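Read through the structure below, which is laid out as structure tokens, and then see the notes.
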Amino acid sequence: MQSRTEPGPAVGRLRLLLGHLKPNSTGTGLTAVSTSAQIYAANPPDKFCYTLDNDVLSPEQRLFYEENGFLLVKNLVSHEDLDRFRKEFERLCKKEVKVPGLVIAKDITVVKSEYVAEESAVNKIQDFMDDEELFRYCRLPQILKLVACFTGPNIMAMHTMLINKPPDSGKMTSRHPLHQDLHYFPFRPANQIVCAWTAMEHIDRNNGCLVVLPGTHKGSLKKHAYPAWEGGVNKMYHGIQDYDPSLPRVHLVMEKGDTVFFHPLLVHGSGMNRTEGFRKAISCHYASSDCNYIDVGGTSQENIASEIKQIVEKRYGEDVTVSFKDVWKFRSRLVQGQRINL
Ligand SMILES: CCCCCCCCCCCCCC(=O)SCCNC(=O)CCNC(=O)[C@H](O)C(C)(C)COP(=O)(O)OP(=O)(O)OC[C@H]1O[C@@H](n2cnc3c(N)ncnc32)[C@H](O)[C@@H]1OP(=O)(O)O
Ligand SMILES: Nc1ncnc2c1ncn2[C@@H]1O[C@H](COP(=O)(O)OP(=O)(O)OP(=O)(O)O)[C@@H](O)[C@H]1O
Ligand SMILES: O=C(O)CCC(=O)C(=O)O
Ligand SMILES: [Fe+2]
Ligand SMILES: [Mg+2]
């Protein structure tokens with residue numbers, strides 16, 4: 001009987017399962033090399049609680065997500081689409097197009113320094129739900145087909161980002177501390193939320209790949225705060241304060257178009273960018289529209305809720321009172337099925 005909480009066996013299975021998978025010829029996913037019966041026999045699942053019953057995911061993929069809290073699918077987004085997203089990103093940086101609601105965030109080191117040329121100042125673009133070109137990413141049918149395995153058929157795009165991790169200034173501010181995305185989200189249940197994150201180029205440890213702690217999606221939401229980094233930390237880059245440093249970390253090396261789907265409780269972060277280039281990835285957090293908003297008052301999420309409230313007040317004026325929930329209502333957009341609660 002396998003423990004559901006011990007990271008050791010989960011990582012062991014990760015290697016085992018990766019050994020069973022190879023990109024398929026159509027390039028749209030993973031193909032099982034050994035039979036699912038063999039894998040089930042070796043790893044009997046207690047009960048599926050992180051994935052839904054359908055025949056989109058192979059049994060291997062399903063088991064992998066259940067155990068590890070993420071699933072990497074090779075070559076899911078075409079280079080053509082990614083090149084178009086990159087072009088649109090450049091146009092936004094050059095201010096050739098302006099999109100209401102869209103946030104162009106800069107790296108903390110850049111904010112504190114002299115003038116820096118437009119695109120190289122940009123750390124990420126957030127909230128591109130009203131940019132029809134970038135939002136095509138959130139609607140890609142091959143992504144939605146997989147997202148529905150976690151959320152079910154009624155799907156909202158809740159949070160959108162194009163991350164342009166800059167070459168590190170030497171202060172290590174290009175790192176993203178280990179965190180759980182659920183810390184930012186006032187809606188539940190967590191199992192009906194999933195992030196899709198697509199590499200827009202080759203990403204490895206040199207330019208700061210995603211780092212995940214397999215199996216941590218089975219734990220609870222941890223307390224987050226700013227890490228005590230000497231060189232400074234980007235706004236809202238909260239991290240888990242007391243994570244167990246002995247937990248095994250997996251560095252996700254990805255090629256252009258590879259996409260990782262991950263659970264909002266999965267502990268993850270990304271390393272510093274040691275190259276001269278800007279490491280690009282595009283992502284969307286999806287949730288079932290059946291999810292419900294929760295009141296985060298009195299919980300560990302209070303700190304991020306009040307920080308976001310302050311940012312909104314600063315941007316729109318102090319007389320504008322919006323709740324944490326309203327911020328999310330306003331930024332989210334339906335991509336499939338019916339809008340129910342969110
Ligand atoms: C409607 C909005 C709602 C947002 C909801 C978000 C939900 C998030 C959910 C995430 C879930 C997923 C999980 C995740 O994604 S985790 C990481 C999430 N973090 C972000 O996505 C950060 C996104 N950035 C922004 O929102 C903006 O760029 C901010 C708010 C940072 C600035 O805004 P704006 O660009 O308009 O800037 P401004 O020129 O008017 O300057 C204003 C002040 O801010 C200072 N400053 C600027 N840059 C930085 C920096 N990098 N570090 C520190 N401080 C910074 C600047 O010095 C100035 O301060 P002062 O000189 O006045 O003292
Ligand atoms: N003190 C810390 N507090 C919170 N998160 C941290 C801390 N130190 C590192 N991290 C984060 O932990 C993750 C894993 O770090 P790790 O050192 O394993 O890899 P890396 O920094 O991505 O790669 P490399 O060490 O090859 O540069 C990264 O997301 C990093 O930002
Ligand atoms: O692209 C990255 O570096 C990870 C970003 C991330 O995890 C986040 O913004 O929540
Ligand atoms: Fe994240
Ligand atoms: Mg490191």
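For ligands, and for the atoms within them, numbers begin at 1 and follow the listed sequence. All values derive from a computational prediction rather than experimental measurement.
The residue from Val212, Val211, Asp168, Leu178 that puts a heavy atom closest to atom 11 (C) of ligand 2 is Leu178. Residue Arg205 holds the heavy atom nearest to atom 25 (O) of ligand 2 of all those in His238, Arg205, Gln241, His268.
Contact between His251 and ligand 2 is present, with at least one heavy atom of the residue lying under 4.0 Å from the ligand.
At a cut-off of 2.8 Å, His268 coordinates the Fe ion (ligand 4) through an N, O or S atom. Put simply, Cys195 stays out of reach of the Fe ion (ligand 4), with no N, O or S atom under 2.8 Å from it.
Remark: side-chain polar atoms of Gln192 are not paired, donor with acceptor, to backbone N or O of Ala287 under 3.5 angstrom.
Using a 30° and 60° split on the angle between ring planes, His159 and His285 fall in the tilted class, from 30° to 60°. In this pair, His183 and His224 present their aromatic rings parallel. The plane angle is below 30°, not in the 30 to 60° band. Ring orientation note: the planes of Phe150 and Tyr65 are tilted relative to one another, at an angle of 30° to 60°.
Nearest protein heavy-atom contact of atom 7 (C) of ligand 2 is Tyr243 OH, 4.0 Å. Remark: minimum distance from atom 1 (N) of ligand 2 to any protein heavy atom is reached at Trp229 NE1, 3.8 Å. Among all protein heavy atoms, the one lying closest to atom 29 (O) of ligand 2 is Ser270 N, 2.7 Å. The protein non-hydrogen atom at the shortest distance from atom 27 (O) of ligand 2 is Arg274 NH1, 2.7 Å.
Near Arg249, with a cut-off below 4.0 Å to any heavy atom, the atoms of ligand 2 are 14 (C), 15 (O), 16 (P), 18 (O). Every atom of ligand 2 is numbered from 1 in the order shown, and the set under 4.0 Å from a heavy atom of Arg175 is 8 (N), 31 (O). Residue Gly269 has at least one heavy-atom neighbour below 4.0 Å for each of these atoms of ligand 2: 29 (O).
Between Gly271 and ligand 2, at least one pair of N/O atoms sits closer than 3.5 Å.
Applying the 6.0 Å contact sphere to CG of Asp244 captures more than 12 heavy atoms from other residues, nucleotides or ligands.
Phe185 and Val327 fall within a single hydrophobic cluster, where Ile, Leu, Val, Met, Phe, Trp and Tyr are joined by side-chain heavy atoms under 4.5 Å apart, directly or via other members.
Note on Lys218 versus Glu67: salt bridge recorded, some NZ/NE/NH1/NH2 to OD/OE distance being below 4.0 Å.
Restricting Asp181 to its N/O/S atoms, the shortest distance to the Fe ion (ligand 4) is reached by OD1.
Between Trp197 and Phe262, the gap from one ring centroid to the other reaches at least 6.0 Å.
Cation-pi geometry between Arg333 and Phe135 is met: the NZ or CZ atom falls under 6.0 Å from the ring centre, inside 45° of the normal.
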